[in-house]
Number of protein chains: 2
Amino acid sequence: MATPSGKPARLSPKPGVSANKISQRLLASTSPKRGSQNAPIKQKDKTAGQNEALSKVRIVDAAIEQIDRNGLMGFSLRDVARTLGVYPAAVYWHVPTRDALLAAVVESTMEDVAPPLGKGTWQDWFRELFSRYRKAVKRHPNVAQLVGAQLVSNGSLSPQMIDRILSMLVSAGCDESKIVEMYNVVVATMVGFVTLEYASLPSDDPANWAAQLQEKTHAIRALEFPTLARHLPAMANKAFIVRWQSGTDAPMDSSFVAFIEVAIAGMEQVLSRQ
Amino acid sequence: MATPSGKPARLSPKPGVSANKISQRLLASTSPKRGSQNAPIKQKDKTAGQNEALSKVRIVDAAIEQIDRNGLMGFSLRDVARTLGVYPAAVYWHVPTRDALLAAVVESTMEDVAPPLGKGTWQDWFRELFSRYRKAVKRHPNVAQLVGAQLVSNGSLSPQMIDRILSMLVSAGCDESKIVEMYNVVVATMVGFVTLEYASLPSDDPANWAAQLQEKTHAIRALEFPTLARHLPAMANKAFIVRWQSGTDAPMDSSFVAFIEVAIAGMEQVLSRQ
DNA sequence: ACCTGAACACCGTTCAAGT
DNA sequence: ACCTGAACACCGTTCAAGT
């Protein structure tokens with residue numbers, strides 16, 4: 001009845017979902033999958049509007065739509081092709097690989113995060129930058145993981161954003177010798193919290209998973225971990241590691257604010273010390 | 001010759017690698033894959049040592065080894081089974097799913113990150129925590145993405161670490177009403193930078209990819225982005241978004257130090273204000 | 001209790017051939 | 001130039017059956 005892994009050996013038959021890879025489930029949220037067979041279904045009716053010429057933008061849009069609906073887990077080139085009514089190979093004419101497509105998705109998601117170089121304080125500018133980034137991710141939360149992984153080293157290289165961050169650091173009085181370090185601090189701050197906040201849950205079966213995690217939570221020995229035990233009620237589903245919903249369903253607004261205030265206060269401090 | 005996506009329509013035949021999913025390539029580093037067929041190759045010789053009874057720990061260890069060698073991309077249940085000389089289904093007796101296995105990998109990677117509650121300052125304790133976390137990730141860099149995604153909301157719930165972080169915050173004078181927020185700040189700080197630093201590169205062909213990115217970099221219009229242009233030499237391969245190696249090959253030590261100093265200075269500031 | 005052997009329903013990618 | 005149609009080499013997962 002119970003396997004060594006402590007779970008029932010097999011649950012319900014689980015029909016079409018099956019297969020997949022890497023962070024897939026880890027990063028995923030939910031997703032059905034009504035599988036059609038092989039050949040694409042050409043829909044000639046105007047209602048669907050699926051018969052304009054295929055193009056990279058149409059493909060990227062379809063990909064985003066699919067990721068929004070089904071999570072990263074629900075994403076596959078073949079499915080995108082299916083919803084566009086073409087063969088998978090057709091997609092390959094416009095996009096060299098699956099991951100190039102995902103890179104394009106990231107790029108599209110990240111348009112216009114960097115605020116213009118107005119006349120406020122540098123502190124306010126960075127606050128605005130961080131908030132805008134978060135809003136951009138919020139619009140397509142299931143893309144969050146991609147962004148985190150991609151933004152680091154990627155063709156989604158937005159020179160404008162980089163230039164503005166550097167300019168702002170200069171006008172914040174950052175020493176030229178420290179500017180690369182501080183730039184990295186800014187980017188890590190921008191991306192770090194939000195990536196975690198919107199990291200999606202591992203399970204196919206969120207309800208069950210939440211229940212299990214709550215179990216585990218209640219099983220914590222109050223004597224061994226008194227501080228944790230004391231704060232548990234306040235932390236439940238509101239603190240990293242002790243939550244069972246992602247930022248989509250349980251936003252962490254106040255913690256985000258705290259995070260950026262810490263970051264900015266820290267930057268003030270470090271910049272004034274140099 | 002050139003497709004709309006601006007890349008050659010098809011490169012070299014690309015033999016066995018093929019297929020895969022999600023962040024796969026995004027998170028991956030490199031990986032061959034010498035494919036055996038279907039049935040596992042039983043090796044009865046002692047040298048390989050592959051004939052002890054199958055068990056969850058052996059499976060997890062094999063998984064880690066494989067991820068270290070081939071990247072997350074090179075990871076598959078079937079491959080793990082292959083190296084253990086058993087059928088894929090055998091693995092399923094010990095581990096309920098692929099992602100449960102990856103969760104176990106994370107858990108194993110994250111052992112003992114939280115330092116004991118010694119007698120130093122709270123500042124030093126957090127410095128130590130952040131450094132230990134980074135070292136743990138460094139040991140198995142290809143697991144970094146998993147950790148980032150998992151640690152947030154996961155069965156890798158380590159009550160001890162949480163308890164210690166909370167205790168430290170209390171003794172740092174953190175107001176009880178702000179403790180959850182500050183805890184989240186700490187976790188995001190711990191995980192954020194390092195996850196980005198070790199995020200792996202998208203390409204199957206890192207050399208080519210690096211070249212392309214350098215091209216793109218040189219193509220930046222100096223007139224349009226003067227600050228960026230000025231600092232480009234200092235940033236190349238050392239700054240997020242403008243690098244073509246991951247933390248494994250190009251560690252970002254000084255930026256990491258700057259990051260945690262900013263974080264700690266910020267925490268001092270915020271804690272003293274409340 | 002633990003594993004084999006085979007099957008199922010998917011993948012990403014390639015490639016000749018059509019239009 | 002753009003897409004079809006089919007194939008190739010993989011996946012994760014299930015399930016009866018063996019031992």
Side-chain angles (χ1 to χ4, degrees), chain A residues 1-5 8-22 24-25 28 31 33-40 42 51-56 58-59 73-82 84-102 204, chain B residues 1-5 8-22 24-25 31 33-40 42 51 53-56 58-59 73-82 84-102 204:
Chain A
M1 193 191 201
T3 70
S5 55
R10 26 188 153 94
L11 332 152
S12 55
K14 188 122 69 84
V17 178
S18 92
N20 298 49
K21 297 277 311 182
I22 268 327
Q24 279 290 16
R25 298 238 151 71
S31 97
K33 178 159 294 176
R34 59 254 156 299
S36 105
Q37 318 303 68
N38 206 348
K42 280 276 168 194
N51 35 5
E52 307 134 50
L54 197 54
S55 69
K56 181 158 177 183
R58 284 194 65 219
I59 292 170
M73 173 181 161
F75 176 77
S76 82
L77 255 182
R78 293 184 103 106
D79 245 17
V80 169
R82 223 139 28 209
L84 291 169
V86 299
Y87 277 84
V91 172
Y92 275 85
W93 203 90
H94 299 273
V95 162
T97 126
R98 180 198 139 92
D99 290 324
L101 174 50
L102 288 176
D204 290 323
Chain B
M1 192 192 201
T3 69
S5 55
R10 29 190 150 93
L11 330 153
S12 56
K14 188 119 73 79
V17 176
S18 92
N20 299 52
K21 297 277 312 183
I22 268 330
Q24 278 292 17
R25 297 238 153 70
S31 96
K33 179 159 293 175
R34 60 252 156 298
S36 106
Q37 317 304 67
N38 205 345
K42 278 279 168 191
N51 36 5
L54 197 55
S55 69
K56 181 160 178 182
R58 284 194 65 218
I59 293 170
M73 174 182 162
F75 175 77
S76 83
L77 254 181
R78 292 184 105 107
D79 245 17
V80 169
R82 223 135 33 207
L84 291 169
V86 298
Y87 277 84
V91 172
Y92 275 84
W93 202 91
H94 299 274
V95 162
T97 126
R98 182 199 138 91
D99 291 324
L101 174 50
L102 288 176
D204 290 324

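Quick note on labels: first sequence line is chain A, next is B, and so on, each numbered from 1.
Between the side chain of B:Arg98 and the backbone N or O of B:Ser76 there is no donor-acceptor pair closer than 3.5 Å.
With C:dC2, D:dA7, D:dG12 as the choices, the nucleotide that has an atom nearest any side-chain atom of A:Arg78 turns out to be D:dA7. Ranking D:dT13, D:dC15, C:dG12 by closeness to the B:Arg98 side chain, first place goes to D:dT13. Nearest to the side-chain atoms of B:Tyr92 among the listed nucleotides D:dT4, D:dT14, C:dC2 stands D:dT14. Of the candidates C:dT4, D:dC2, D:dA6, D:dA6 carries the atom nearest the A:Ala89 side chain, counting heavy atoms from C-beta on.
Here B:Arg82 contributes atom CZ and B:Tyr87 contributes atom OH; the two are 12.0 Å apart, rounded to the nearest 0.5 Å. Once rounded to the nearest 0.5 Å, the distance linking CH2 of B:Trp93 with NZ of B:Lys56 reads 12.0 Å.
Going from atom CG of A:Leu54 over to atom C1' of D:dT4 covers 13 Å, rounded to whole Å. Atom pair B:Trp93:CH2 and D:dT13:P shows a separation of 18 Å (rounding to whole Å applied). In this structure, A:Phe75 atom CZ and C:dC11 atom P are separated by 11 Å, rounded to whole Å. Atom CZ in A:Arg82 sits about 14 Å away from atom P in C:dA9, given to the nearest Å.
For B:Tyr87 and C:dC3, the shortest distance from a side-chain N or O to OP1 or OP2 is not below 4.0 Å. Taking 4.0 angstrom as the limit, A:His94 places none of its side-chain polar atoms (N or O) nearer than this to OP1 or OP2 of D:dA1. Regarding contacts with the backbone of D:dT13, a side-chain N or O of B:Thr97 is found under 4.0 angstrom from either OP1 or OP2.
Considering all non-hydrogen atoms of both residues, A:His94 and A:Leu54 come closest at CE1-O, 3.4 Å.
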**Fill in**
Symbol by symbol from the 5' end, with Watson-Crick or G-U pairs under 3.5 Å, [ ] crossing and | another strand, DNA chain C is ||.|||||...|||||.||
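Considering A:Thr97, A:Val91, A:Val95 in turn, A:Val91 is the only one that fulfils the side-chain contact (heavy atoms from CB on, under 4.5 Å) rule with A:Leu77.
Judged by closest nucleotide on DNA chain C, B:Ala90 is the one of B:Ala90 and A:Leu77 placed further toward the 5' end.
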